[in-house]
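Working notes, structure below.
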Amino acid sequence: MIEASYFPNDLEQKWYAKWLENDLFKRKIFPDKTAYTIVIPPPNVTGILHMGHILNNTIQDVLIRRARQKNQSVFWIPGTDHAGISLQIKVEKELAQQNKTRYDIGREAFLDLAQKWREKHGGIILDQLKKLGISCDWSALKYTLDPDYYRAVLTTFVKWYRQGYIYRGLRLVNWCPVSMTALSDEEVIMRQQNSSLYYIKYEIVEKPGTFIIVATTRPETIMGDVAVAVHPSDERYRDFVGLHCWRPILRESIPIIADEMVLKDFGTGALKITPAHDAVDFEIGQRHELAAIGVIDKNGKLNRFAGPEFANMDRFEARKRVGEYLQKNGLLVKEEIYTNSIGFSERAGVPVEPMLSEQWFLKYPCVEEAKLAVQKGFIRFRPERWEKTYIHWLDHIKDWCISRQLWWGHRIPVWYRKGKDRNDPQNWHVSVDGPEDFENWDQDEDVLDTWFSSAIWPLATLGWPDEKAMAMMGFDYFYPTADLVTGPDIIFFWVARMIMSGLNLLGDGEERLSNDEIRRRIPFRNVYFTGIIRDHLGRKMSKSLGNSPDPLDLIEKYGADGVRIGLLSMAPNGQDILFSEDRVAQGKKLCTKLWNSFRFRQQGSMEGDRSSLAAIVERINDATLEIDDIAILGKLLQVMDEFEHAMADYEFSHALQILYTFFWSDYCDWYIEISKIRIDGTVLAIHDLLLRQLLLLFHPFIPFVTEELWWEHGYGTKFLSEELLGNSDELRHDLSKIDFGKVEILSEEIEHIRELVVASRALKAQFELSSRRDVKFYFKADPEAQDVIDRHLRGIKHLLLTQFFDKTAEALQLPTTVVVLGAIYIDTANSLNLIAEKERLKRELEQLDQLIEMNQEKLNSEDFLKRAPQNIIAGARNLLAENRAKKKELEAVLLKLSTIN
RNA sequence: GGGCGGGUAGCUCAGUUGGUUAGAGCAACUGGUUUACAUCCAGUAGGUCGCAGGUUCGAGUCCUGUCCCGCCCACCA
């Protein structure tokens with residue numbers, strides 16, 4: 001027997017443990033069956049569970065459980081990411097509390113601390129995810145710093161180095177003065193800032209007393225100026241080009257040059273050139289062979305090249321001081337308030353400093369193939385529109401700065417001969433295992449960008465590049481993976497890079513790949529981009545705003561099942577999601593309702609065999625089968641088709657909606673109620689059948705409560721999680737003893753009865769007679785319709801809570817409503833307000849007239865008759881006829897009412 | 001500056017290739033609680049589909065223009 005109340009928490013824990021005990025999530029290889037693989041987007045070990053994880057992992061779990069129901073060989077690979085900068089920052093913060101930096105304790109001790117931190121906190125997020133019920137194969141758990149994964153990362157580096165994709169170079173990079181490392185362009189986010197635009201006088205060397213005025217937002221870099229540039233066609237400065245001007249601070253003569261890149265209409269049209277601290281300046285500097293003088297240090301403070309007055313000053317302090325200095329010396333023309341966008345470090349939240357520095361770069365491999373893979377549909381994005389974003393990025397791709405001046409991560413597998421020139425590749429050793437004469441070499445100090453290791457996630461989790469490991473994991477069988485579920489915010493960081501990595505690394509660095517090769521090497525076939533979860537005001541959820549609910553609290557309150565469907569129900573196809581706790585509450589309500597529908601069923605006899613679908617079907621007795629039964633089963637088949645389509649299109653909330661409506665309004669509100677008058681063996685069997693099917697359909701969404709009910713109702717000895725779910729054709733076949741030949745006609749009949757019941761209830765409500773069980777109804781219908789009503793009379797009376805639903809041959813002087821089957825009258829037991837009733841009918845007639853007129857007009861139009869398709873015309877005619885019949889009935893009643901008094 | 005997404009009931013959103021009288025949930029209001037329902041059921045009200053044109057027999061749906069909101073990209077110092 002099922003407990004009286006639904007308490008999700010205990011049963012969820014119970015079932016998760018049982019599933020694990022019975023190895024239900026373990027990967028299976030049935031060589032003759034389709035493989036279905038998902039790699040989890042590895043959460044950061046520093047992460048705490050947020051709503052995005054919940055949505056993302058729920059969707060994956062739904063897909064995975066569906067694949068199991070379809071008897072595919074399912075493999076869901078879980079894992080975590082070492083979270084380079086993020087974890088390093090955390091450990092450094094702990095150190096800072098003891099007034100220490102990482103340099104005080106040294107690399108080894110620092111890594112030790114980081115490792116300890118990871119051991120202590122790294123598993124938390126996975127434990128939290130388990131509460132959600134996700135069914136990963138935990139035996140395949142991967143971590144990006146596992147020894148084998150580490151090797152995979154180094155192998156990738158070495159391979160790309162040897163293929164010439166990785167090189168070392170002195171470039172202008174994004175420098176984060178807080179984390180003290182270089183960053184990739186993707187890790188820099190642009191923000192609008194209120195700045196000042198300084199107009200500064202540079203005196204012409206050759207024409208003392210004449211000035212060229214330069215506008216800049218960064219006066220603190222003046223000391224690094226090596227030229228002033230103007231546009232070659234700028235008339236204003238034509239005579240200055242080729243001359244020199246005095247650098248206003250650290251006075252020195254610098255050339256005035258012409259370059260196309262300068263914008264004539266910005267500021268004064270004259271640009272100061274500081275190659276060490278600005279990307280445009282760097283490029284111009286290169287073109288004109290100018291030196292680069294770095295005046296800002298790695299910690300964001302000015303250095304000795306900035307001169308004694310400013311050395312050691314923070315860059316923002318220096319900006320103010322330089323401004324004051326210029327003002328004092330009459331070199332500042334004006335200072336304008338100005339809004340511009342500047343780059344911030346994503347992690348540290350401070351403006352990045354463009355800085356000249358020696359770094360490792362990756363020129364991306366297989367860029368063209370990566371585009372083709374998506375353009376030709378080998379990889380499908382959903383929603384499709386993200387393809388444009390992806391292609392656009394690849395079209396404008398720039399080399400990736402992959403080295404980080406951090407300690408936590410994969411150390412770059414490059415060694416330099418001790419005491420020799422590091423800039424000479426002759427003195428380099430690049431290999432996974434390092435040089436044999438270790439003592440003569442120094443390893444590169446830097447580690448790789450975390451995303452570099454993420455890029456090979458689908459490969460390395462399946463054992464790549466170690467052949468034995470690949471064989472053990474079933475690489476050939478499970479790769480390419482089927483679906484990747486992730487957010488569009490990491491389309492460049494992760495998705496694109498995984499695609500390029502797969503395409504290159506599964507070969508020998510060939511120049512061009514055939515379509516077949518591309519198809520074989522892509523890491524996944526579908527990418528489903530979820531929306532971003534926002535609060536009810538549309539703001540991004542963030543810790544600082546405090547607008548993010550704790551998912552664990554929600555699970556505690558509503559159960560994991562409730563949270564899962566609550567979230568899915570508010571997540572339409574790839575749109576941003578406005579979070580609403582109400583939806584989660586509704587999710588739990590659905591589970592409760594399902595629970596209670598079983599409790600209703602269990603009030604009936606529990607004797608019949610429920611152990612298999614066949615056994616249940618066996619219990620259906622054709623002789624007592626009624627139209628209601630066939631109609632609801634027909635509806636089930638139809639719902640299964642619609643559901644299947646929605647799932648195939650990755651429309652999860654729509655799919656859920658389809659099930660929800662069928663369960664709640666068709667099954668509970670209609671079928672259960674109508675079946676109450678004739679509970680017999682057949683009806684109980686139909687209930688068992690419908691409930692069984694509902695459990696199967698709902699299971700991927702709400703795995704816990706469905707599993708509980710499955711066992712409690714004795715549906716078999718196998719876990720529901722292991723039960724297969726066929727499509728509607730297979731079910732139709734299993735139900736072959738039921739004649740669905742006339743199901744459409746029968747369903748239409750039921751629809752008419754439903755219409756009649758709804759209209760009658762409305763009548764009752766209108767006259768505030770809902771409480772009365774002695775209300776009399778009459779109906780006037782033509783003989784055919786009368787037969788239909790007769791067939792369902794018991795049910796109608798039951799649903800209307802009335803004993804009287806009798807026929808009448810003539811229109812009555814009673815309130816009425818007209819439906820397809822005929823006119824219904826309600827006996828208001830003399831409480832009829834004649835005038836009000838006449839008014840009501842007149843209003844109804846007016847509306848009807850409007851409809852009829854519209855319809856008539858349409859049918860009068862020759863163009864319409866000539867051009868519209870037949871079925872539309874027929875539909876319009878039908879409607880017109882129906883409405884005219886209604887009108888006639890209403891008029892008859894109105895006439896009757898008028899004759900009174 | 002370029003690109004993308006969105007604007008439909010008080011709120012959150014559906015609305016398939018243009019086709020019968022634009023839907024659902026929540027909130028509101030009214031009534032009820034009957035063989036499951038810390039509830040549930042029944043009913044009512046609420047919309048000139050952002051705005052303006054156009055194409056069409058027919059437009060929420062297609063086209064053009066326009067206004068808002070959000071996001072992404074970009075070397076205006």
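Reminder, nothing fancy here: chain letters follow the sequence lines and each chain counts from 1. All values below were derived from every heavy atom in this structure, side-chain atoms included, with hydrogens, water molecules and symmetry-related copies excluded.
Aromatic ring orientation, A:H392 versus A:H396: tilted (interplanar angle from 30° to 60°). Between A:Y528 and A:Y650, the angle of the ring planes stays under 30°, which puts this pair in the parallel group of the 30/60° scheme.
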For this session: Please assess A:E651 against A:R382 for the test salt bridge (charged side-chain N to carboxylate O under 4.0 Å, His left out), listing each intermediate value before the final yes or no.
Result: CA-CA 10 Å; A:E651 290 183 343; A:R382 293 154 212 279; over 6 Å; no
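Judged by atom type and distance alone, A:S5 reaches the base of B:A38 through a side-chain donor-acceptor pair under 3.5 Å. Between the side chain of A:E673 and the base of B:A36 there is at least one donor-acceptor pair of N/O atoms closer than 3.5 Å.
Taking for each of A:L263 and A:D185 the nucleotide of RNA chain B with the nearest heavy atom, the 5'-most of the two is the partner of A:D185. The 5' end of RNA chain B is approached more closely, in terms of each residue's nearest nucleotide, by A:A4 than by the other of A:A4 and A:V188.
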Less than 3.5 Å apart, which donor and acceptor atoms pair up between the side chains of residues 854-881 of chain A and the rest of the protein, not counting sequence neighbours?
{"unit_1": "A:N860", "atom_1": "ND2", "unit_2": "A:Q856", "atom_2": "O", "d": "3.4"}
{"unit_1": "A:S861", "atom_1": "OG", "unit_2": "A:D863", "atom_2": "N", "d": "3.4"}
{"unit_1": "A:S861", "atom_1": "OG", "unit_2": "A:F864", "atom_2": "N", "d": "3.0"}

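Residue A:W664 is classed as a sugar-phosphate contact, given heavy-atom separations below 4.0 Å to backbone atoms only.
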Exercise. Taking protein heavy atoms under 4.0 Å as touching, what does nucleotides 23-28 of chain B look like 5' to 3' if B marks base contact, S marks sugar-phosphate-only contact and - marks none?
Worked result: -SSS--
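Counting only residues at least two apart or in different chains, salt bridge (Lys or Arg N to Asp or Glu O under 4.0 Å) contacts with residues 593-602 of chain A comprise A:R601-A:D688.
The glycosidic torsion of B:A42 lies more than 90° away from 0, which places this base in the anti conformation.
Taking the side chain of A:R599 as heavy atoms from C-beta on, and the options B:A36, B:C76, B:U12, the nearest nucleotide is B:A36. Picking from B:G19, B:C75, B:U35 the nucleotide with the shortest atom distance to the side chain of A:V280 gives B:C75.
B:U61 and B:G6 have their C1' atoms separated by 16 Å, given to the nearest Å.
B:U34 makes up no base pair with any nucleotide shown, lacking Watson-Crick or G-U wobble contacts both under 3.5 Å.
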